Amino acid sequence: MRILLICPFFPPENKIAAVRISKLASFWASAGHEVRVLTRDGADEGLIVPEHAGLTIHRVADPMMKAVSGVQSLKPKKPRPWHRAASVAYAIAMKFVWPDIYGRWAKAAGRHAAAWDWRPDVVVTSVGPFSALMLGSRLAKHFEAKLAVDYRDLLSNSTYYPYGALRRRLDSSVERRHVSDAALLTTVSAPLADELEAAYGVPTVVVTNGYDPQDFAHLEYHPSSSELRIAYCGWVIPKRRDPLPFLSGVAELLRAHPDTRISVDFYGPHSAEVAAAIESLGLNAAVRQHGKVSHAESLQIQADSDALLLLLWNDPGEKGVLSGKVFEYIGAARPIIMTGLEDSAAGDLIRDNGLGVVSNDPAAIADALYAMAEEKSRTGRVQAPSLAEGTQFTRDAQSRVFLDALEAIV
């Protein structure tokens, strides 16, 4: 089978979306299929580029990449007033860029692919952004191939949708038109699958994210000190991933048990919300922000921590969100402390498999941290979760589910 896989995010760009797409491409190629990836000529951030005999990668320059990179540079640790003004101006300008900032890349990528003599049997486009959906739909028609849409996140129906009602109606109409051409939809959780199938009437298969055991094969847990070490890896999305419930739990722990030794380390872009919480709760001695690290460094940090922090949004729209970070944490084999919507796919996964603690209550978080700290004080380590069947959460297992679904429509 010849598969065209479309996504603007691909290694060496270090995004969780790039990890999902590269693992799919690698598995399908290693299974004997001919895979072409159509992506951007993105930033080199150290993520390993997969290599297989059946895999070719076509990179198309993104005209907007320099502009977006410039805006990211306007978010220093200590922003000045003009930084904030420039960021606000950029956010306002983006409301008038349709379908999104990847639109010009998608047009260039479409012209690039249309010149091929090679023809795929199926076009798999992974969304967001919205531009990827439109590009995949156009190329599936051009090549007279089946279309499969991989919803890593919802688009116009997303709880994270950033624009107003008028634009949502426009996007919803365009999305419906393109998705109606699809033979298959995939998404990362059962609640999202139910929502998509009800909305569009297209067969929908759950293909969760996962972890690659090889990523952790040579990484071990080394409890090198007596303090309890908690790590968070990723973005802290403003007004969405609220660090305050967890950090309030840390503060409550230290008030009740001031001799407890604990360190909490955030790895990712600097967060004003985390900084404000550290200051207001008086946690400067226990909590630090370290900035972005490579994917390889992130995996090492996860495997070497006593427990891992997962911040999700405490909103009903978060019910079906099951990010790749959850599965990386499972692969690291460390207990997970999750805050956000407790009655959610992520919360159910953690509770049902004994992977850690799900709570927004600072007192409950403080109790869980104290139990871990006491365990480490007694034994020198924090016990790993006893996951009975971990293979179902691997990238290969989920790539096989996706491949079976593609073979059924071709």
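Since the structure is predicted, the reported quantities are computational estimates derived from the model, not experimental observations.
Around atom CD of Glu45, more than 12 heavy atoms belonging to other residues, nucleotides or ligands sit under 6.0 Å away. Heavy atoms from other residues, nucleotides or ligands lying under 6.0 Å from CD of Glu407 number more than 12. The environment of Ile409 atom CD1 is dense: over 12 non-hydrogen atoms of other residues, nucleotides or ligands sit within 6.0 angstrom.
Once rounded to the nearest 0.5 Å, the distance linking CD1 of Ile330 with CD of Gln302 reads 11.5 Å. With rounding to the nearest 0.5 angstrom, the CG atom of Asp171 is 10.0 Å from the CG atom of Leu166. Leu219 contributes atom CG, which lies 9.0 Å from atom CG of Asp304 (distance to the nearest 0.5 angstrom). Atom NZ of Lys107 and atom CG of Leu135 lie 12.0 Å apart (nearest 0.5 Å).
Contact detail for Thr204 and Glu197: the closest heavy-atom pair is N-OE1, 3.5 Å. When all heavy atoms are compared, the tightest approach of Thr39 to Trp105 is O-NE1, 3.3 Å. The heavy-atom pair separating Leu322 from Asn209 by the smallest distance is O-ND2, 3.3 Å. Listed here is the closest heavy atom pair of Ser359 and Thr339: O-CG2, 3.3 Å.
Under the 4.0 Å criterion applied to side-chain N and carboxylate O atoms, Arg400 and Asp396 are not assigned as salt-bridge partners.
Each of Leu369, Asp265, Leu308 was compared with Ile230 under the side chain to side chain contact (heavy atoms under 4.5 Å, CB included) criterion, and only Leu369 meets it. The side chain to side chain contact (heavy atoms under 4.5 Å, CB included) test with Ile3 singles out one residue from Val123, Val410, Leu55, Val122, and that residue is Val122.
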In sequence, state the C-alpha distance, the side-chain angles, and the governing distance for Lys319 and Asp343, and then conclude on salt bridge (Lys or Arg N to Asp or Glu O under 4.0 Å). CA-CA 7 Å; Lys319 185 175 181 63; Asp343 181 19; 3.3 Å; yes
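Taking the six-membered ring where the residue is Trp, Tyr232 and Phe266 present tilted rings, their angle falling between 30° and 60°.
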